[in-house]
2 protein chains.
Amino acid sequence: MNLPQFCSTGATIQDVAEKAGVSKKTVSRVINSEDYVTEKTARKVHDAIAALGYVPNVSAQRLASKRSYVLTLVYQAEEPPGWLTHVIQGIVQKAAEHGFEVVIHPSEVDEAASQQSLQALVMRGGTDGLILLPPFASDTEFNQHLFEGGMALASIEPSNPDLPWLVATITNHQGALEMTEYLLGLGHRRIGFILGPEAYSGSWERLDGFNDALKAAGVVANKELIVSGDYTFESGLAQGRVLLAVKPRPTAIFASNDEMAAGVIQAAYEKNLRVPDDISVVGFDDSTLACRLSPPLTTIRQPTIELAAKVTEALIRTINDDTQADGDTRIEMTTSLVVRASAGKP
Amino acid sequence: MNLPQFCSTGATIQDVAEKAGVSKKTVSRVINSEDYVTEKTARKVHDAIAALGYVPNVSAQRLASKRSYVLTLVYQAEEPPGWLTHVIQGIVQKAAEHGFEVVIHPSEVDEAASQQSLQALVMRGGTDGLILLPPFASDTEFNQHLFEGGMALASIEPSNPDLPWLVATITNHQGALEMTEYLLGLGHRRIGFILGPEAYSGSWERLDGFNDALKAAGVVANKELIVSGDYTFESGLAQGRVLLAVKPRPTAIFASNDEMAAGVIQAAYEKNLRVPDDISVVGFDDSTLACRLSPPLTTIRQPTIELAAKVTEALIRTINDDTQADGDTRIEMTTSLVVRASAGKP
DNA sequence: TTGTATGCGTTATCAT
DNA sequence: ATGATAACGCATACAA
């Protein structure tokens, strides 16, 4: 299976140059649409390219230009699939626009092998930029090392947004605030809250938004109604059971992401409680899961695709510019409330 | 940001050769662990590599070897996220084992741009093999063209499994048969069925399995209870509403994938019908969605990760062998029934 | 067992 | 505006 030109004709830039009666460099100029080429010459070259069915060899381009035109996405395999695919969609879309390929790199947090293979990829010049998802998005020694070495980095929703490289986040506080106000507006006063992973600053921002809304409404927060999850369905199920056992039972539960909200709904189902008649349940993210649940989940929409697209564009700009990202290394996208059917009056 | 050796020391094979006092070729031999190298020489080389922090440049390797060490996954963005991420997981796992990177290529079916960018990738020597998901996995002119050109191809669950290249499928017929027998065993006689896309042979295999089980049990299939969906949640919701309106109402609904089953559950919810007390609902795939639904979905498990891993391994073998895939170009994985809580006695 | 010379298909430099 | 020539960093054939 060593047929390099299985579909391409195998013509090289040299062939084109000869056919067009110009030098290789001139062909190269035309390909890369550089300046200083007569229209007439350009036409000759284009004709030759068409006649020969010439396609530039990407490996040669990469070697000569010292760039890979590859962006690598680093994430953990357990990431919620809906969110992940949206991230991928946004990245690939922008990457394609700029002639970049996207390489996928699911890693295991503790497994040295995957970290090592990433390092290998990076060190071998296999990628021009890294897009990091939690938990890899944070301020690790490895990332610092890469950044100082000049690698272009972008973190999406890092555990701590205070990084020297490109960071994309959403308005966690505002989103949680808005959702809580909505619940309050419905008449709820005893609202349970399930926290995300404690290592993520975004988890705390969401909790703060929740608490601030309560405070503004003069509602006393009940410590018993705030429990810790970790963004997984399982933790939502477990903590949902806990919250539903509290007496008197909360009238609403705000799970700080959709996966956990699905868990809460299941916990309610187990207890034969109707959502939203007996208990209101809301989430955060507006993942693909949200509208597939019954009832469809009221949640906070996170513009994931757009966010990913924006970061990618910024990252590519960083890569193309010789200048270090000066100025806007922070991207923040605003969330919005999506009212579906999982929350009602108490 | 043009620092090629941001982390690598920028040492080349030449530097290593000089430091070790050997030729470039010898270093190359050591790197690629070829035969005929004295242990002593190898040690010298390894020392030099370590001292210099040398890492082979991947672009140079690719250019010289005329191979990209890249596998490209072609799929449509709307693919169910759970299934897709599992496919990716399986592919990346095996790819990494063999030193291959995985490039992602979400395409729009009708959009010429994405097809073109794929063709470009392929023609420029940017990939050694293609893994095709529906609807791209089928017998298109483009794929034929690639195959005849010598490109290594693998299709996962193609619409028609009768392809000259590597094909991976699951036991659709057997799975649907088993599920129907389970439903029958529970006592159901009026069972609704929601068909997948009519263009997919897998859809018909599942329907055949369903019908064969009914026939074997001596149950007369009711035409009214068989409706057409397209594997999307929305179609499941729509056809679920249709089936639930049939008089007398079916006691169970077999949606031929989990997404559609989620739609049926929502349709039941809308009508205030309890699952499984009032109506049993089952799916097919055992996607990540299945256990997040309430009640957790009884379904047919499809070993997606293993399937993807197997195809990938076979594909890489095809790429590495100079021989065309002789013999096993077909991989079939067996499904299994997963009993959860969405089906009960009628 | 090791080395030499050459090729891979571009881009980059510096002339002209 | 265009071209000759040298990188780019490794692999490969063939010698030794």
Side-chain angles (χ1 to χ4, degrees), chain A residues 2-5 8-45 48-49 52-69 99 123-126 128 320 322, chain B residues 2-5 8-45 48-49 52-69 99 120 123-126 128 322:
Chain A
N2 282 330
L3 309 171
Q5 63 293 51
S8 107
T9 54
T12 73
I13 199 172
Q14 175 71 16
D15 301 330
V16 176
E18 285 170 11
K19 178 126 189 161
V22 297
S23 73
K24 292 198 296 182
K25 178 62 204 180
T26 299
V27 178
S28 174
R29 273 193 263 264
V30 173
I31 293 171
N32 302 312
S33 49
E34 291 171 25
D35 292 337
Y36 306 121
V37 185
T38 318
E39 258 196 42
K40 194 177 147 194
T41 315
R43 185 171 311 283
K44 278 196 300 185
V45 172
I49 288 177
L52 266 40
Y54 165 76
V55 189
N57 177 293
V58 64
S59 294
Q61 285 181 316
R62 288 171 175 171
L63 176 57
S65 68
K66 297 194 162 196
R67 290 184 44 180
S68 66
Y69 294 97
M123 289 183 51
R124 307 171 105 205
D128 287 342
N320 287 337
D322 263 345
Chain B
N2 283 329
L3 310 172
Q5 63 296 46
S8 110
T9 53
T12 74
I13 198 173
Q14 175 71 18
D15 301 330
V16 176
E18 285 171 9
K19 177 124 191 165
V22 299
S23 74
K24 291 199 294 180
K25 176 62 204 179
T26 299
V27 178
S28 175
R29 272 193 264 265
V30 173
I31 293 170
N32 302 313
S33 49
E34 291 171 27
D35 291 338
Y36 305 122
V37 184
T38 317
E39 258 198 40
K40 192 177 147 194
T41 316
R43 184 171 313 282
K44 277 198 299 184
V45 173
I49 288 177
L52 266 40
Y54 165 76
V55 188
N57 177 294
V58 65
S59 296
Q61 284 181 316
R62 288 171 176 173
L63 177 57
S65 68
K66 297 195 161 199
R67 289 184 45 180
S68 66
Y69 293 97
M123 290 183 51
R124 307 171 107 205
D128 286 343
D322 262 346

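In what follows, chains carry the letters A, B, and so on, assigned in the order in which the sequence lines appear, proteins first and then strands, with residues in each chain numbered from 1.
Residues of residues 22-29 of chain B having a heavy atom closer than 4.0 Å to DNA chain D, listed by number: B:Lys24, B:Lys25, B:Ser28.
At the phosphate of D:dA11, OP1 or OP2 sits under 4.0 Å from a side-chain N or O atom of B:Gln61. A:Tyr54 has a side-chain polar atom (N or O) that falls below the 4.0 Å cut-off from OP1 or OP2 of C:dT10. Here A:Asn57 does not reach the OP1 or OP2 of C:dC8: none of its side-chain N or O atoms lies under 4.0 Å away. Close to D:dG9, at under 4.0 Å from its OP1 or OP2, lies a side-chain N or O of A:Lys66.
As a whole-Å value, the separation of B:Lys44 NZ from C:dG3 C1' is 13 Å. The separation between B:Leu63 atom CG and C:dC8 atom P is 9 Å, rounded to whole Å. For the pair B:Tyr69 OH and D:dC10 C1', the computed distance is 11 Å after rounding to whole Å. Look at CD on B:Gln14: it is 14 Å from P on D:dA11, rounded to the nearest Å. For the pair A:Ile13 CD1 and D:dC8 P, the computed distance is 18 Å after rounding to whole Å. Rounded to an integer number of Å, the gap from CD of A:Glu18 to C1' of D:dG3 is 14 Å. Rounded to whole Å, atom P of D:dG9 lies 17 Å from atom CG of B:Asn32. When the P atom of C:dT1 is taken as reference, atom CD of B:Glu39 falls 12 Å away, rounded to whole Å.
One distance of note links OH of A:Tyr54 with CD1 of A:Ile13; it measures 4.5 Å at 0.5 Å rounding. Between atom OG1 of residue B:Thr41 and atom CZ of residue B:Arg29 there is a gap of 10.0 Å, rounded to the nearest 0.5 Å. Taken to the nearest 0.5 Å, the NZ atom of B:Lys44 stands 13.0 Å off from the CD1 atom of B:Ile49. With rounding to the nearest 0.5 Å, the separation of OH in A:Tyr36 from OG1 in A:Thr26 is 14.5 Å.
Residues A:Tyr36 and A:Ala60 both approach DNA chain D. Their nearest nucleotides, taken by heavy-atom distance, put A:Tyr36 toward the 5′ side. Mapping B:Ser59 and A:Val37 onto DNA chain D via the closest heavy atom, the residue that lands nearer the 5' end is A:Val37.
Counting heavy atoms from C-beta outward, A:Lys25 and A:Glu34 have side chains that approach closer than 4.5 Å.
Under a 3.5 Å cut-off, the side chain of A:Thr12 and the backbone N or O of A:Gln14 do form a donor-acceptor pair. For A:Asn32 (side chain) and A:Ser28 (main-chain N/O), a donor-acceptor pair under 3.5 Å exists by modelled atom type. At distances below 3.5 Å, at least one donor-acceptor pair connects side-chain atoms of A:Asp128 with backbone N or O atoms of A:Tyr69. One N or O on the side chain of A:Arg62 and one on the backbone of A:Ser68 form a donor-acceptor pair closer than 3.5 Å.
Side-chain proximity of A:Thr38 to D:dC10, C:dC8, D:dT2: nearest is D:dT2.
For the residue pair A:Gln61/B:Arg124, the side-chain donor-acceptor check at 3.5 Å is satisfied.
Axis angle between the ends of the helix from C:dT1-D:dA16 to C:dT16-D:dA1, five pairs each and rounded to 10 degrees, works out to 30°.
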